[in-house]
Amino acid sequence: MKFFILCQVVKLKLEVKKTKILIVLFVFFLFLFKSIFFLDPDFGWHIKMGEVILSSGVPKTDQFSYTMPSFPHVDSAWLSGLFMHYSFKTIGWFGTGVLFSFFAILTVVISLKFKIGKNTIVPTVLVGGILMAFAGIRPQVLSWFFFAILITFFLNPKYWKRLRFFLPIIFIFWANLHGGFGMGFFAFFLFLILKDWKRKKISFLDWLIFAISILATLVNPYGFGVWQEVGRAIFDSTTKWTISEWLPALFNFLPSLWTFVALSVFMVFRYRKKLSAFEKILYLLLFLAGMSSVRHIPFWIIVALPITIKSISLFEAEAKKVKMGKERFSKAYTFFLFLSMIIVLLPLALGVRSQSSLNEENFYPKKAVEYLKNNQSSSQMFSVYEWGGYLIWKYPEKKVFIDGRMATWKWNTKIKNETNYVYKDYLALKAGEVEFNSAVVKYRIDTVLLPVKKQKKKSVIDFLSEKIENKFSKKGKYGDIYSQLKRNGWR
């Protein structure tokens with residue numbers, strides 16, 4: 001009898017272990033799918049910057065545009081560009097995708113404190129569906145990884161006591177890999193303030209580590225410039241309403257996000273008294289940041305995941321005290337697990353075509369670039385913002401009008417044939433507020449590369465997105481670029 005019970009216990013442990021492995025693999029393959037089939041618009045200029053750095057060092061002015069070549073560009077992800085270039089060159093697209101997917105799944109595992117139990121499965125599945133929308137071969141993924149490590153230090157007193165002295169080293173790497181380190185300092189500052197408030201005593205050693213960590217971020221090719229770049233990205237109001245990744249979360253139609261928001265907010269609010277002041281305040285502030293701009297959603301997810309799981313565990317403990325509560329909780333949890341899988345997989349299955357459409361074959365002008373290389377013009381080329389990074393990578397013979405680095409670039413200069421604010425100029429040209437011919441004359445443009453206007457069957461999400469875009473976009477008196485080119489006799 002004892003032997004039979006022992007076998008059942010071992011069998012149960014093996015099944016739990018298999019479930020943990022399957023959940024991790026499931027989320028990993030979500031990330032890998034996104035990395036392989038999605039070509040991020042900024043990928044091209046990142047790896048091209050890595051190539052430039054290897055050949056001639058870190059540049060201090062813009063290397064890739066003809067509109068702002070004198071601008072003192074700060075590439076806060078210069079080390080990521082070097083890493084991406086080397087990775088792509090040595091292990092290819094698939095290998096680089098695996099590498100970045102590994103950092104993404106490691107972020108989730110660290111947020112779970114390396115403990116994947118029964119109550120972690122539903123939130124983890126939903127979080128996998130959410131982060132997949134933001135994942136890919138992108139420097140942001142490395143910021144998630146460092147932020148997860150930081151939050152683990154803050155939520156675990158033992159880790160904090162033993163490992164806090166390594167924080168300056170972490171911030172040296174982080175500040176050279178991606179500008180998301182600013183979010184790390186926000187959480188760090190909040191943690192120290194609330195920690196000292198609770199103890200009614202200032203920890204000078206902790207604040208010294210904080211100060212050294214700030215100084216550590218200055219160990220980079222641009223010095224204080226990386227902080228200026230972070231400030232530009234955070235406080236620029238134009239990008240907030242014109243670039244999809246910076247829009248408020250209300251414009252994001254991701255079912256897994258809103259399901260997790262409903263689950264998490266309900267559970268956290270119900271058991272708020274069981275959470276520390278730091279957990280509650282950081283959770284709330286990052287939630288508001290994420291609602292304000294979808295770009296911040298992954299940072300909120302990293303904080304919300306362990307807190308939500310903690311709240312679910314408290315709910316289970318409460319349910320066990322009620323008659324038949326344990327059985328009801330188990331059935332409800334199983335139901336929500338299947339529902340979560342459907343919520344994550346169904347949109348993915350229905351949207352495989354749209355998910356994979358943002359690749360070189362379908363979204364970027366691959367064949368047009370091949371033609372242009374064989375039929376080069378003598379002057380400049382104009383193209384759209386979304387293609388800038390790709391053109392820097394695939395068509396380096398020509399500089400670009402604008403690319404993904406340049407949305408926040410503003411300065412006062414009187415340099416001939418350069419602009420002070422290229423993104424504003426681009427929006428005005430695109431909307432027809434300014435005559436396109438003015439840019440043609442100023443920059444000697446003789447080639448225009450634009451997406452072909454295609455009539456296609458629109459999904460509900462496409463329809464809603466178009467309505468929102470039309471609501472906020474301006475329509476100028478000169479008409480769009482297509483109509484102007486036709487009117488001005490372009491061939």
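Side chains are part of it too, since the values below use all heavy atoms of this structure and drop only hydrogens, waters and symmetry mates.
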Kindly compute the distance separating [atom1] ([X]) from [atom2] ([Y]), expressed to the nearest 0.5 Å.
X	Y	atom1	atom2	result
Ser276	Phe191	OG	CZ	9.0 Å
Phe71	Met406	CZ	CE	8.5 Å
Lys280	Phe269	NZ	CZ	11.0 Å
Glu229	Arg405	CD	CZ	10.0 Å
Asn420	Trp409	CG	CH2	13.5 Å

[Y] versus [X], side-chain donor and acceptor atoms under 3.5 Å:
X	Y	answer
Thr67	Tyr426	no
Lys424	Thr419	no
Glu418	Thr413	no
Tyr390	Glu360	yes
Asp196	Trp207	yes

Would you call the rings of [X] and [Y] parallel, tilted or perpendicular, taking 30° and 60° as the class edges?
X	Y	answer
Tyr385	Tyr423	tilted
Phe189	Phe210	tilted
Trp227	Phe185	tilted

Phe83 and Phe100 aromatic centres sub-6.0 Å: yes

Ring-ring centroid check Phe43 Phe88, cutoff 6.0 Å: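 Yes.
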
Phe145: which of Phe102, Phe181, Phe103 passes ring pair (Phe, Tyr, Trp, His ring centres under 6.0 Å):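 Per the ring pair (Phe, Tyr, Trp, His ring centres under 6.0 Å) rule, the option paired with Phe145 is Phe103, out of Phe102, Phe181, Phe103.
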
Crowding at CZ, Phe186 (>12 non-hydrogen neighbours, <6.0 Å):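 Yes - once you tally the heavy atoms of other residues, nucleotides and ligands closer than 6.0 Å, there are more than 12.
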
Other residues, nucleotides, ligands: >12 heavy atoms within 6.0 Å of Lys200 NZ: yes

Charged N-O contact under 4.0 Å between Arg164 and Asp206: yes

Electrostatic pair Glu51:Lys48 at N-O distance under 4.0 angstrom: yes

Verdict with reasoning, Tyr283 to Ser264, per side chain to side chain donor-acceptor pair (under 3.5 Å): CA-CA 10 Å; Tyr283 177 96; Ser264 180; 2.6 Å; yes

